[in-house]
Visitor: 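One structure is given below, represented as structure tokens, and several questions about it will come after.
For clarity, every value in this text was computed on a predicted model and none was experimentally measured. Index from 1, following the sequence.
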Amino acid sequence: TQFKGLAGPPLLELDKPALVFTLHADKAPFVARGTPVLHHGVQVGSVRDKGLEKDGRVWLRVVVDAEHAHAVLDTSRFWFVPAASLHLSGRGASIDLPSLAALVDGGIAFDSFVPDGKPVPDHAELSLAPNEAAARADGPTIQITFDTGEGVVAGETRVCWLGQPVGLVKAVRLDPATASVEATVQ
């Protein structure tokens, strides 16, 4: 009798059912097998495999424990969580440490910002945003015109409604005809 072994460890433990899906991103630095996947600060799964697509984008195979699979919805948005992040404000500085497991390498977090999502099936294909602001901004694209573009930076400026982030400036363009600034927001 002959057996053919796998090139790498299996994605799933045979006695532990789970949800398996793929995340796609432009890049995925510091993400490797074992990187934690967090929902509301609780580790619910991990990255089990990583590779490059033909177009140069990155894919990540993610496994979420069966007991937490109900939290992954078709409206869920995923983003990178840095190992630690520093926030400066008028009230001082604060440091975010998402979890002990993510402290060294960072992790991937997700949430659903829209009600009425449906559970994703096994082997679903989902997107991975570079940060939470970009994940929240996954919606329709709109144009906003400003008299001045001071402080408006593509990829960094958040759009808020009632104090909550609802979008992100994707591009900024000067309109020479009107001497105004047009921002593309998603």
Side-chain angles (χ1 to χ4, degrees), residues 8-82 85 96 98-99 101-102 105-144 155 157-171 184-186:
L11 288 177
L12 300 173
E13 297 173 28
L14 293 176
D15 62 342
K16 206 171 176 192
L19 172 66
V20 179
F21 55 93
T22 303
L23 295 175
H24 299 275
D26 291 332
K27 55 186 174 180
F30 311 113
V31 174
R33 185 177 178 88
T35 296
V37 175
L38 308 166
H39 183 62
H40 295 203
V42 174
Q43 184 171 347
V44 298
S46 64
V47 173
R48 296 293 174 95
D49 201 6
K50 176 181 179 179
L52 284 176
E53 298 175 14
K54 290 179 182 170
D55 65 0
R57 291 181 43 125
V58 176
W59 59 263
L60 303 171
R61 195 88 62 233
V62 173
V63 175
V64 171
D65 302 331
E67 65 191 275
H68 301 293
H70 67 277
V72 184
L73 306 173
D74 59 0
T75 55
S76 294
R77 299 295 176 254
F78 294 80
W79 65 90
F80 291 110
V81 177
S85 59
D96 266 341
S99 77
D105 292 325
I108 294 172
F110 73 96
D111 204 350
S112 191
F113 307 116
V114 181
D116 303 326
K118 295 173 182 40
V120 298
D122 241 356
H123 307 292
E125 305 280 327
L126 304 167
S127 294
L128 178 60
N131 54 51
E132 183 177 0
R136 286 180 178 271
D138 189 17
T141 301
I142 61 170
Q143 299 291 326
I144 301 175
T157 303
R158 293 181 184 191
V159 177
C160 296
W161 184 64
L162 297 176
Q164 294 298 311
V166 295
L168 185 70
V169 173
K170 296 288 188 179
T184 302
V185 177
Q186 186 174 28

Visitor: Rounded to the nearest 0.5 Å, how far apart are OG1 of Thr75 and CZ of Phe110?
Guide: 10.5 Å
Visitor: According to the interplanar angle, ranging from 0 to 90°, do the rings of Phe78 and Phe21 count as parallel (below 30°), tilted (30 to 60°) or perpendicular (above 60°)?
Guide: tilted
Visitor: Output the distance between atom CD (Glu132) and atom CZ (Arg158), rounded to the nearest 0.5 Å.
Guide: 6.5 Å
Visitor: List the atom of Ser76, the atom of Ala71, and the distance in Å for their closest heavy-atom pair.
Guide: OG-O, 3.5 Å
Visitor: Could you check Leu126 against Leu23 for side-chain contact (heavy atoms from CB on, under 4.5 Å), going step by step and ending with a plain yes or no?
Guide: CA-CA 5 Å; Leu126 304 167; Leu23 295 175; 3.7 Å; yes
Visitor: Step through the shown structure and confirm whether more than 12 heavy atoms of other residues, nucleotides or ligands are within 6.0 Å of CG on Asp116.
Guide: no
Visitor: Working note: Asp111 + His39, criterion side-chain contact (heavy atoms from CB on, under 4.5 Å); need CA distance, chi angles, decisive distance, verdict.
Guide: CA-CA 6 Å; Asp111 204 350; His39 183 62; 3.8 Å; yes
Visitor: Measure the shortest side-chain to side-chain distance between Leu60 and Thr35 over non-hydrogen atoms and say whether it is less than 4.5 angstrom.
Guide: no
Visitor: I want to check something: taking the side chain as every heavy atom from C-beta on, are Arg61 and Lys50 in contact at a cut-off of under 4.5 Å?
Guide: no
Visitor: Taking all heavy atoms of Ala69 and all of Leu19, pick out the closest pair and write down the distance.
Guide: CB-CB, 3.8 Å
Visitor: Looking only at non-hydrogen atoms, find the nearest pair between Val58 and Leu52 and report the distance.
Guide: CG2-CD2, 4.0 Å
Visitor: Can you tell me how far the OG1 atom of Thr22 sits from the CG atom of Asp49, to the nearest 0.5 Å?
Guide: 9.0 Å
Visitor: Any chance you could measure Asn131, atom CG, to Phe80, atom CZ, to the nearest 0.5 Å?
Guide: 10.0 Å
Visitor: Return the minimal non-hydrogen interatomic distance between Ile144 and Val185, and the atom names on each side.
Guide: CD1-CG2, 3.8 Å
Visitor: To check you understand the geometry: which heavy-atom pair defines the closest contact between Ile108 and Val31, and what is its length?
Guide: CD1-CG1, 4.4 Å
Visitor: Does Arg57 count as lying over the ring of Trp59, i.e. NZ or CZ under 6.0 Å from the six-ring centre, within 45 degrees of the axis?
Guide: no
Visitor: So which atom in Asp122 and which in Ala18 form the shortest heavy-atom distance, rounded to 0.1 Å?
Guide: OD1-O, 3.9 Å
